[in-house]
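Below: the structure, in structure tokens.
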Amino acid sequence: MANKWIGALSLLLCGQLMASELVIESWRIDDKALWEQKIIPAFEAAHPGIQVTFNGVQNVEYMPTLWQSLKAGKAGDLITCRPFDDSLALFKAGYLAELTEMAGMENFPSFAQSPWQTDSGAQTFCVPMASVIHGFFYNKTIFKELGLSLPETREDFFQVLEKVKADGRYVPLAMSGSESWVASELGFQNIGPNYWKGEDGRLALVNGQERLDDPQYRQVFEELARWRPYLGEGAAARDYAATNELFTSGKAAFYVAGSWEIAPFTGKLDFGVMRPPVAKRGDGCFFTDHTDIGMGLNPASKNKEAAMAFLQWLTSAQFAELYTNALPGFFSLSNHFFEVSNPAAREMMEWRDQCDSTIRVATQILSRGEPKLGDELASQSQAVLLGKQTPQGAATLLEEELKAWYAPHQGNKAKGAACQCEAPAASSDPLATAPVIDETLTTAPAQTSAPVQAEGSAATVAEAAPLPAASPQTEAALAQQLEGAQ
């Protein structure tokens with residue numbers, strides 16, 4: 001068994017390894033210098049005889065490039081893993097080794113492992129590395145100049161935006177209108193958890209107990225539509241890079257943000273971070289803390305022992321602290337305690353002690369059919385943001401498209417009970433049905449952390465219960481996931 005082989009192999013790693021060369025495949029090309037100057041030297045210092053090379057490719061080219069390299073037998077030893085279906089598809093196709101019994105996995109809570117496990121939770125195939133947090137950045141200099149206070153509620157937020165707009169010198173809210181993923185991930189899925197109540201709502205959507213045309217989802221689109229007057233001239237054509245420049249040059253008061261921008265923005269301006277505002281003071285708060293990156297073993301590696309040594313090092317406290325502090329905004333997913341040095345990253349991490357966290361709503365299960373919910377959510381969020389679609393129209397369309405292929409949305413919803421929706425009659429379309437999700441998927445109770453703990457001790461991310469075994473339809477969907485990477 002592969003997992004027994006992994007467990008036995010881990011015992012050999014205490015001995016002296018023969019000289020080996022490892023190659024890491026990654027989409028994080030922006031981190032190449034960090035890996036080469038800090039992370040890899042730290043590993044090599046503790047593991048003499050192993051040399052590591054970082055091979056980064058552009059984000060949008062990663063999956064097609066990796067898929068072709070794996071099929072040709074030319075991929076590196078270590079595979080940087082996207083969460084959920086991309087990596088699950090690779091595992092099902094035999095291109096990621098099983099790591100279920102690898103020593104060190106006990107350092108990660110179940111929610112951190114779940115993006116790199118089979119639906120049942122029985123098999124693990126990547127070591128969890130980091131998550132990213134969604135929110136807002138704000139320019140402290142502009143706030144001081146205009147006498148602004150950090151908003152806590154949505155109406156406070158719009159009042160501040162209106163004051164900046166009335167002043168006329170700054171763009172109130174910097175955001176790309178030309179890239180649909182921004183409207184979805186930094187718009188809809190950024191502010192949305194406060195509407196659908198985080199993991200409770202997300203899992204209810206997966207179970208079919210809530211629908212995308214319910215008020216709590218339509219209202220997110222309504223808020224997105226309210227952002228339009230504050231985006232500044234040329235927002236529809238503004239790309240992500242231009243938006244970054246707009247904010248870092250001091251010309252915008254707010255920036256819809258992911259924590260991955262903390263490192264590149266640090267030192268360019270005096271900025272702070274802000275949670276998505278709640279409806280009224282005293283409301284419970286929710287935010288997106290997305291399990292984003294892991295690392296797995298290429299079964300075709302000729303240096304498996306050395307690669308396993310590297311993967312086990314990724315489970316250590318040394319790596320957790322080094323990675324989080326060397327790359328502020330990417331937070332270790334382990335349970336190790338350490339101090340976070342960057343003020344903005346530390347504040348974002350502290351949100352976990354104040355709020356409940358969730359992952360991006362379209363990521364797990366709901367993008368396995370055609371059309372994919374993730375893709376459609378991006379296009380509809382962009383259309384609403386730019387005034388090309390109504391909030392009600394977007395919500396209705398998304399639910400109709402999801403219902404067309406996803407069985408749990410094809411029956412009567414029963415909030416608070418197990419999903420009662422039966423799979424439809426057999427269809428020749430391999431994506432026509434999807435597994436019914438078990439009612440045991442529930443949100444874990446809120447946690448608090450001592451000093452500052454790595455990502456694994458975050459205030460609530462759901463302790464994901466195992467999902468049912470994959471159906472033939474799921475297998476077909478995952479196969480199609482890989483074919484789409486070509």
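All of these numbers come straight from a predicted model, not from anything done at the bench.
Between the side chains of Glu370 and Trp405, no donor-acceptor pair of N or O atoms lies under 3.5 Å. Side-chain atoms of Glu162 and Tyr230 include a donor-acceptor pair closer than 3.5 Å. The closest side-chain donor-acceptor pair between Asp239 and Ser176, if any, does not fall under 3.5 angstrom. No hydrogens or angles considered: nothing links the side chains of Glu222 and Tyr195 as a donor-acceptor pair under 3.5 Å.
Within the 3.5 Å criterion, the main-chain N or O of Met348 finds no donor-acceptor partner in the side chain of Arg275. Distance alone, capped at 3.5 Å, is enough to place a donor-acceptor pair between the Ser367 side chain and the Gly374 backbone. Between the side chain of Glu152 and the backbone N or O of Val278, no donor-acceptor pair lies under 3.5 Å. Using modelled atom types, no side-chain atom of Thr65 and backbone atom of Tyr62 make a donor-acceptor pair closer than 3.5 Å. Side chain of Ser259 to main chain of Ile133: a donor-acceptor pair is present (N/O by atom type, distance under 3.5 Å, no hydrogens or angles). Side-chain atoms of Asp167 do not come within 3.5 Å of backbone N or O of Val164 as any donor-acceptor pair. Side chain of Asn298 to main chain of Leu96: no donor-acceptor pair is present (N/O by atom type, distance under 3.5 Å, no hydrogens or angles). Remark: side-chain polar atoms of Glu25 are paired, donor with acceptor, to backbone N or O of Gly76 under 3.5 angstrom. Not one N or O on the side chain of Asp86 forms a donor-acceptor pair closer than 3.5 Å with the backbone of Met63. Within the 3.5 Å criterion, the main-chain N or O of Ala236 finds no donor-acceptor partner in the side chain of Ser178.
Considering only residues two or more places apart in sequence or on other chains, Glu155 meets the salt bridge (Lys or Arg N to Asp or Glu O under 4.0 Å) condition with Arg226. Not a single salt bridge (Lys or Arg N to Asp or Glu O under 4.0 Å) links Asp213 to another residue, sequence neighbours left out. Every salt bridge (Lys or Arg N to Asp or Glu O under 4.0 Å) that Lys32 has, sequence neighbours left out, goes to Glu36. By the salt bridge (Lys or Arg N to Asp or Glu O under 4.0 Å) test, Glu223 is found to be paired with Arg154, residues two or more places apart in sequence or in another chain being considered. Thr124 meets the side chain to side chain donor-acceptor pair (under 3.5 Å) test with Gln117; sequence neighbours excluded. The ring pair (Phe, Tyr, Trp, His ring centres under 6.0 Å) test applied to Phe221 returns Phe188, not counting sequence neighbours.
Residue pairs meeting the salt bridge (charged side-chain N to carboxylate O under 4.0 Å, His left out) criterion with at least one member in residues 390-401: none, sequence neighbours excluded. The stretch residues 180-196 participates, sequence neighbours left out, in these salt bridge (charged side-chain N to carboxylate O under 4.0 Å, His left out) pairs: Glu185-Arg360. Residue pairs meeting the disulfide bond (SG atoms under 2.5 Å apart) criterion with at least one member in residues 188-218, sequence neighbours excluded, do not occur. Residue pairs meeting the disulfide bond (SG atoms under 2.5 Å apart) criterion with at least one partner in residues 173-215, sequence neighbours excluded, are absent. Pairs engaging residues 257-289 under the disulfide bond (SG atoms under 2.5 Å apart) rule: Cys285-Cys355 [sequence neighbours left out]. Within the structure, salt bridge (charged side-chain N to carboxylate O under 4.0 Å, His left out) contacts touching residues 124-148 (residues at least two apart or in different chains) are Glu145-Arg169.
Judged by the 6.0 Å and 45° rule, Arg82 forms a cation-pi pair with Trp27.
Checked against the 6.0 Å centroid criterion, the rings of Tyr255 and Phe136 do not qualify as a close aromatic pair. Between Phe125 and Trp116, the ring centre distance reaches or exceeds 6.0 Å. With ring centers used as reference points, Phe254 lies under 6.0 Å from Phe157. Aromatic rings of Phe286 and Trp196 (six-membered ring for Trp) have centroids beyond the 6.0 Å cut-off, not under it. Taking the six-membered ring for Trp, Phe137 and Phe265 have ring centres closer than 6.0 Å.
Using a 4.5 Å cut-off on side-chain heavy atoms (C-beta onward), Asn342 and Asn325 make no contact. Between Val132 and Phe331, every side-chain heavy-atom pair lies at or beyond the 4.5 Å cut-off. Asp85 has its side chain out of reach of Ile365: every pair of non-hydrogen atoms, C-beta onward, lies at least 4.5 Å apart.
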Report the C-alpha separation of Leu212 and Leu373 in whole Å, then their side-chain angles, then the decisive distance to 0.1 Å, and conclude whether the side-chain contact (heavy atoms from CB on, under 4.5 Å) test is met.
-> CA-CA 10 Å; Leu212 286 160; Leu373 178 60; 3.7 Å; yes
Given side-chain contact (heavy atoms from CB on, under 4.5 Å), test Ile29 with Gln58 step by step and report yes or no.
-> CA-CA 6 Å; Ile29 192 168; Gln58 291 293 340; 4.2 Å; yes
Candidate pair Asp356 and Lys197, rule salt bridge (charged side-chain N to carboxylate O under 4.0 Å, His left out), full reasoning = CA-CA 9 Å; Asp356 288 349; Lys197 307 305 179 187; over 6 Å; no
Evaluation steps, ring pair (Phe, Tyr, Trp, His ring centres under 6.0 Å), between Phe330 and Trp260 = CA-CA 6 Å; Phe330 287 83; Trp260 56 86; 7.4 Å; no
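From Leu34, atom CG reaches atom CG of Leu322 across 7.5 Å, with rounding to the nearest 0.5 Å. For the atom pair CD (Gln364) and CG (Leu205), the distance works out to 11.5 Å, reported to the nearest 0.5 Å.
The aromatic rings of Trp35 and Phe54 sit parallel to each other, their planes meeting at less than 30°, with 60° as the upper class boundary.
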